[in-house]
Student: 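Starting off with a structure, shown below.
Throughout, protein chains are lettered first and strands after them, A, B, ... in sequence-line order, and every chain is numbered starting at 1. The shown structure was predicted, so the numbers you read here are calculated from the model rather than taken from an experiment.
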Number of protein chains: 2
Amino acid sequence: MKKKSKQHYAARARVAKALAHPSRLLMLDALAEGDKCVCELTELVGSEQSTVSKHLAVLKQVGIVEDRKEGVMTFYRLKVGCLEGFWSCIEAVLQEHLKEQQVALRG
Amino acid sequence: MKKKSKQHYAARARVAKALAHPSRLLMLDALAEGDKCVCELTELVGSEQSTVSKHLAVLKQVGIVEDRKEGVMTFYRLKVGCLEGFWSCIEAVLQEHLKEQQVALRG
DNA sequence: ACCCTTTATGGCGATATTACCATGGAGCCA
DNA sequence: TGGCTCCATGGTAATATCGCCATAAAGGGT
């Protein structure tokens, strides 16, 4: 196990923080199926367009998505293909936690 | 691709948020090598003991770690084995972002 | 030129996060 | 009992996040 610098953990945390919002996770899941414009994502999320735009800026800033202008529209695209590993880890945590809570209820 | 509920994304986000702090990531990395008491983790992180204790409570609440009392000490233990997938995803994002920035500098 | 649509950004208030300090409980030992 | 260590919790101030509104820029059509 290599020792990592505090800065490395800070960098990791910045990425994790960008992922730590329900609307952003929802949009990432949608983007996994293909590129989407801001208007589509806005309808999907159900918040104000400005809010969605800011969420996308957060994802873009850490390099998870990239944008592409086409006329008046902006399309966003997933830039990393690793999110499946991320999901499965999160899901494993949720599963484990759920199991534990059920045991607690029975006990 | 299954459709997931907003609540599901909220649950995912809670887990991601628990992971989104440098000190917590550092501690998780240390815990991957074996159980550690709060005092060890406090020295590792370099913050106040109370701060570390609260970070551990955050990780415990979402089910990533569990604690075990031994006399006067409390040992924390990783409860999920999936963090490698999480790391590798984060690292992939960082790599991609770094590469892009280098291109921007050369351009 | 004018209007409509699509995005991005600034501002603001509400809420959440974070780190420190102080405190208190609990185990251990003399 | 008294003192020590280890740990958790409440309080508080600084900072960050979030969602909405208002606004502005820019493309496309008439």
Student: Within the structure shown, what part of the strands sits under 4.0 Å from A/Ser53 by heavy-atom distance: base, sugar-phosphate, or nothing?
Tutor: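 Counting heavy atoms under 4.0 Å across all strands, the contact made by A/Ser53 includes a base.
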Student: Let me know the distance between NZ of A/Lys36 and C1' of C/dT7, rounded to the nearest Å.
Tutor: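 The answer, rounded to whole Å, is 18 Å.
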Student: Any donor-acceptor pair under 3.5 Å between the side chain of B/Ser50 and the base of D/dC7?
Tutor: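 No, no donor-acceptor pair under 3.5 Å.
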Student: Could you go through residues 63-70 of chain A and list every donor-acceptor pair under 3.5 Å that involves a side-chain atom there, pairing it with any protein atom two or more places apart or in another chain?
Tutor:
residue: A/Glu66; atom: OE2; partner: A/Arg77; partner atom: NE; Å: 2.9
residue: A/Glu66; atom: OE2; partner: A/Arg77; partner atom: NH2; Å: 2.6
residue: A/Asp67; atom: OD1; partner: A/Lys60; partner atom: NZ; Å: 3.3
residue: A/Asp67; atom: OD2; partner: A/Lys60; partner atom: NZ; Å: 3.1
residue: A/Arg68; atom: NE; partner: A/Glu70; partner atom: OE2; Å: 3.1
residue: A/Arg68; atom: NH1; partner: A/Asp35; partner atom: OD2; Å: 2.8
residue: A/Arg68; atom: NH2; partner: A/Glu70; partner atom: OE2; Å: 3.3

Student: Mind checking side chain to side chain contact (heavy atoms under 4.5 Å, CB included) for A/Ala92 and listing every partner two or more places apart, or none if nothing turns up?
Tutor: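 In terms of side chain to side chain contact (heavy atoms under 4.5 Å, CB included), with neighbours along the sequence ignored, A/Ala92 is linked to B/Cys82.
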Student: If you assign each of A/Val58 and B/Thr51 to its closest nucleotide in DNA chain D, which residue comes earlier from the 5' end?
Tutor: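 Going by which nucleotide is closer to the 5' end, it is B/Thr51.
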Student: Holding to side chain to side chain contact (heavy atoms under 4.5 Å, CB included), I want the full list of residues that pass it with B/Glu48, two or more places apart in sequence or in another chain.
Tutor: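 For B/Glu48, the residues satisfying side chain to side chain contact (heavy atoms under 4.5 Å, CB included) (neighbours in sequence not counted) are B/Ser50, B/Thr51.
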Student: For B/Gln49, enumerate each residue passing the side chain to side chain contact (heavy atoms under 4.5 Å, CB included) test, keeping only those at least two apart in sequence or located in another chain.
Tutor: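 Residues passing side chain to side chain contact (heavy atoms under 4.5 Å, CB included) with B/Gln49: B/Val38, B/Thr42, B/Ser53.
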Student: At under 4.0 Å between heavy atoms, how does the protein contact nucleotides 23-30 of chain D? Give one character per nucleotide, 5' to 3', with B, S or -.
Tutor: ----SS--
Student: Tell me: CZ of B/Arg14 to P of C/dT17, nearest whole Å?
Tutor: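 Taking atom P of C/dT17 as the reference, CZ of B/Arg14 is at 11 Å.
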Student: So if I take every side-chain heavy atom of B/Glu48 and compare against C/dC21, C/dA8, D/dC7, which nucleotide ends up nearest?
Tutor: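 In terms of side-chain proximity for B/Glu48, the closest of C/dC21, C/dA8, D/dC7 is C/dC21.
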Student: Please classify the nucleic acid contact of B/Tyr76 as base, sugar-phosphate, or nothing, using heavy-atom distances under 4.0 Å.
Tutor: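 Counting heavy atoms under 4.0 Å across all strands, the contact made by B/Tyr76 is with sugar-phosphate only.
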Student: Ignoring hydrogens and geometry, is there a side-chain-to-backbone donor-acceptor pair from B/Glu40 to B/Cys37 under 3.5 Å?
Tutor: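 Looks like yes, one N/O pair under 3.5 Å.
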Student: Could you identify which residues cluster with B/Met73, counting Ile, Leu, Val, Met, Phe, Trp and Tyr as linked when any side-chain heavy atoms lie under 4.5 Å apart, either directly or through a chain of such contacts?
Tutor: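 The other cluster members (ILVMFWY side chains, heavy atoms under 4.5 Å, direct or chained) are B/Val72, B/Phe75.
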Student: Tell me whether A/Lys6 contacts the main-chain N or O of B/Ser23 through its side chain, where contact means a donor paired with an acceptor under 3.5 Å.
Tutor: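 Not a single qualifying donor-acceptor pair exists.
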Student: Describe the nucleic acid contact of A/Ser47 in one word from base, sugar-phosphate, nothing, applying a heavy-atom distance below 4.0 Å.
Tutor: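 Answer is sugar-phosphate: A/Ser47 comes under 4.0 Å of backbone atoms only.
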Student: Are the side chains of B/Tyr9 and B/Arg12 in touch, meaning some heavy atoms are under 4.5 Å apart?
Tutor: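 The answer is yes, as the side chains (C-beta and beyond) meet within the 4.5 Å cut-off.
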Student: Please produce a list of atom pairs where a protein N or O lies less than 3.5 Å from an N or O of nucleotides 11-15 of chain C.
Tutor:
residue: C/dG11; atom: O6; partner: A/Lys54; partner atom: NZ; Å: 2.5

Student: Among all residues two or more places apart in sequence or in another chain, which pass the side chain to side chain contact (heavy atoms under 4.5 Å, CB included) test with A/Ala57?
Tutor: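 So A/Ala57 forms no side chain to side chain contact (heavy atoms under 4.5 Å, CB included) with any residue.
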Student: How close or far is atom C1' of C/dT18 from atom CG of B/Leu56, stated in whole angstroms?
Tutor: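 From B/Leu56 CG to C/dT18 C1': 15 Å.
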Student: Would you mind reading off the distance between A/Phe75 atom CZ and C/dA8 atom C1', rounded to a whole angstrom?
Tutor: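 Atom CZ in A/Phe75 sits about 17 Å away from atom C1' in C/dA8.
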Student: Quick check: is B/Leu44 connected to B/Leu28 through a chain of hydrophobic side chains (ILVMFWY, heavy atoms under 4.5 Å apart)?
Tutor: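 Yes, one cluster joins them.
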Student: For DNA chain C, report each stem as range with range, ordered by first number, or say none. Use Watson-Crick or G-U wobble pairs under 3.5 Å, at least 3 in a row.
Tutor: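 Stem list for DNA chain C: C:1-30 with D:1-30.
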Student: Do you know which two heavy atoms are closest between B/Ala18 and B/Val62, and how far apart they sit?
Tutor: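 Nearest pair, atom of B/Ala18 first, then B/Val62: CB-CG2, 3.6 Å.
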Student: Round to the nearest Å and state the distance from A/Glu40 atom CD to C/dT6 atom C1'.
Tutor: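 The distance from CD of A/Glu40 to C1' of C/dT6 comes to 12 Å, rounded to the nearest Å.
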Student: Which residues within residues 15-27 of chain B lie with some heavy atom under 4.0 Å of an atom in DNA chain D?
Tutor: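 Per residue number, the list is empty: none.
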Student: Let me know the distance between CD of A/Glu43 and C1' of C/dT5, rounded to the nearest Å.
Tutor: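 Rounded to the whole Å, the gap is 15 Å.
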Student: Partners of A/His8 by ring-ring contact (aromatic ring centres under 6.0 Å, His included), sequence neighbours excluded?
Tutor: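 A/His8 satisfies ring-ring contact (aromatic ring centres under 6.0 Å, His included) with no residue once adjacent residues are dropped.
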Student: Suppose we screen for side-chain hydrogen bond (donor to acceptor under 3.5 Å, both in side chains). Which residues come up paired with B/His21, at least two apart in sequence or across chains?
Tutor: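 By the side-chain hydrogen bond (donor to acceptor under 3.5 Å, both in side chains) rule, B/His21 matches no residue at all.
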